[in-house]
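Notes follow the structure.
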Amino acid sequence: MNSPTTPTHPQSPPASTPVLVVGAGPAGLTAAITLARHGIEVLAVERRPAPSGLPRAASVSTRTMELLRSWGLEQEIRAGGVEVEWKQWVGPTLAATGDAHLTSFPTREQSAVLSPTAPASVPQDHLEPVLLDHLRSFGSARVEIGTEVAGLDNRSDGVDVTLRDVESRETRSVHARFLVAADGARSTVRAALGIAMRGPGRLSQAIGTEFRAPLWELLGDRRFCIYAVTHPEAAGVFVPAGRGDRWVYGVEHDLARQSVSSLTKEQAARLIRLGSGLADLEPRIERIGTFTFAAQLADRWRDGAVFLTGDAAHQITPRGGTGMNTAIQSAHDLGWKLAWVLHGWTGPQLLDTYETERRPVAAHNVARSADPLGGTRLAAQELPADLGGRIPHVWLPSHAHTVSTLDLLEPGLTLFTTHPSASWQRAATTPSGPPLVVHDLDAITARGMGIPHGGALLARPDGSTAGWWPAGTEPGTALRHAIQALVTPAETADRLAEGAGSR
């Protein structure tokens, strides 16, 4: 993995780029990787001199892990985390008896049915360097660390951006056909465009203490994603934050009733001892910080050639563990749609679907995170928002539980058929629009996906269904109408009604 001191400025900085991504957190890295994997040239800039050393978000959802798996990163991501069951344990102290309650993430048993992978407990300061290293592996991607946006001019043919080196203060101009603003909650790009955030910006504030102590030895086989302790002098939560008995102890404050005071390391250690129930525990305090709970949505996510994503578009409190996952999935959605437009596989109308499709998910997660009980909802309630209606997961019988139907998704369109499929194969040889790959499934796998004998299912890169047809459908007409509906979204309803068939 590249170290933070690796030179990141290209010898000849580009004067133009198809896509400029501002911000190299999870959202920006995801957007840039998605574009690079499609062969699109992308320049990613980040004002920080090195990746964040804070654990921050540590809950990686089912759908996010499916995406990381599709990039071949699952094992590398999991290597920085801890194996936990997705339950919340509640008790007076960690040493006392308590109860474990299900959370909105599926258990290991549920995950084995739902997906080829499962949620992961991985700190953000492990995830980000893995994503950054993956981005740097693409020849079509450039990464510049220590570079910020000093100004921009949103034009009809793209965006003229003034970039500034944070250390030297030198500036230069870059023209981008599209700009992805993934520069966080205090987005410079969003502010320059005058886009407001709506919703509570200061719901509450919390003090988080990052420390190391042998708590797993105390907990034994009670390996959960979060531990809520109710001790009257030390009520808070303990959250595992990676390997090596690394933890975060968080205490939430109601700003309307109580101001936040800074803790000394001695005071923090005392609270951790009280909460753990171990009077002789000597935690090694590494960092104490405060963070504000915000639940906000940007008024709009697009201004001409500029698109907001991640915290620049939606700010979500830690309740429920959806903030980083919403950011990653929104950025992936934007990335493949930009790539399709830049490749000429579709018209620019497809970009209108970025906000119309992703905003309802973000709004749901924002509202949920503002609810004090938002972290206690069950997986059955919240999986639809995470999985997003993607095609079913079924193991292919010929690969002994190593290849899922989700692993067959392509950067373009993927057509799943079942015997007899020769007519579908012929119809897919010269489709208009994005490239199309056909997978002929055995009868049991097709049944698991809901495809009847002789029928077919068309999927987008994110796994969402773009078309579904029963047996007897005329393949050429069906595919032509489905692809046209996809690349011209405003006409979707009319096109699907014209003989393409419906489920």
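Worth saying up front: this structure is predicted, and the values here are computed from it rather than measured.
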Ion pair check, [X] and [Y], cut-off under 4.0 Å:
X	Y	value
Glu128	Arg48	yes
Arg190	Asp303	no
Arg186	Asp311	no

Min side-chain heavy-atom separation [X]-[Y] under 4.5 Å:
X	Y	result
Asn325	Leu67	no
Trp336	Arg460	yes
Ile272	Ile285	yes
Val60	Leu68	yes
Pro461	Trp340	yes
Val19	Leu342	yes
Leu297	Met197	no
Tyr354	Leu338	no

Do [X] and [Y] have a side chain donor and acceptor closer than 3.5 Å?
X	Y	result
Ser61	Thr64	yes
Ser404	His393	yes
Arg390	Ser464	no
Thr107	Glu85	no
Ser104	Arg368	yes

Partner of Leu396 under side-chain contact (heavy atoms from CB on, under 4.5 Å), chosen from Leu408, Thr402, Asp407: Leu408
side-chain contact (heavy atoms from CB on, under 4.5 Å) assessment of Asp99 paired with Trp89: CA-CA 6 Å; Asp99 298 309; Trp89 185 91; over 6 Å; no
Residue pair Arg358, Trp301: steps toward the side-chain contact (heavy atoms from CB on, under 4.5 Å) verdict: CA-CA 10 Å; Arg358 289 301 306 172; Trp301 293 6; 3.7 Å; yes
When you measure from the side chain of [X] to the backbone N and O of [Y], does any donor-acceptor pair fall under 3.5 Å?
X	Y	result
Thr34	Gly335	no
Thr317	Ser369	yes
Asp386	Arg63	yes
Glu46	Ala24	yes
Arg212	Gly244	yes
Thr405	Val394	yes
Ser115	Ser111	no
Gln124	Pro55	no
Arg223	Trp216	no
Gln88	His101	no

Kindly give the heavy-atom pair with the smallest separation between [X] and [Y], and that separation in Å.
X	Y	value
Pro240	Val84	CG-CG1, 4.4 Å
Lys87	Ala100	CD-CB, 4.1 Å
Arg300	Leu308	O-CD1, 3.5 Å
Pro119	Thr62	CG-OG1, 3.5 Å
Ala312	Ala181	CB-O, 3.6 Å
Gly323	Ile316	CA-CB, 3.9 Å

Aromatic ring pairing [X]/[Y], orientation class (parallel under 30°, perpendicular over 60°, tilted between):
X	Y	answer
His134	Phe138	perpendicular
Phe211	Phe238	perpendicular
Phe224	Tyr227	tilted

Arg302 vs Asp352, salt bridge (charged side-chain N to carboxylate O under 4.0 Å, His left out): CA-CA, chis, key distance, verdict: CA-CA 9 Å; Arg302 181 180 185 180; Asp352 296 334; 3.2 Å; yes
CA sep, side-chain torsions, deciding dist, call: Val437, Leu415, side-chain contact (heavy atoms from CB on, under 4.5 Å): CA-CA 6 Å; Val437 174; Leu415 182 69; over 6 Å; no
Could you give the distance from [atom1] ([X]) to [atom2] ([Y]), rounded to the nearest 0.5 Å?
X	Y	atom1	atom2	answer
Glu41	Leu20	CD	CG	13.0 Å
Ile195	Ser187	CD1	OG	8.0 Å
Ser52	Leu127	OG	CG	11.5 Å
Gln315	Thr326	CD	OG1	12.5 Å
Thr465	Met449	OG1	CE	7.5 Å
His38	Ile33	NE2	CD1	13.0 Å

Verdict with reasoning, Phe293 to Gln205, per side-chain contact (heavy atoms from CB on, under 4.5 Å): CA-CA 6 Å; Phe293 282 25; Gln205 195 160 357; over 6 Å; no
Option among Arg243, Arg287, Arg56, Arg246 that satisfies the salt bridge (Lys or Arg N to Asp or Glu O under 4.0 Å) test with Asp125: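 It is Arg246, the one option of Arg243, Arg287, Arg56, Arg246 that forms the salt bridge (Lys or Arg N to Asp or Glu O under 4.0 Å) with Asp125.
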Enclosure of Gln381 CD (heavy-atom neighbours >12, cutoff 6.0 Å): yes
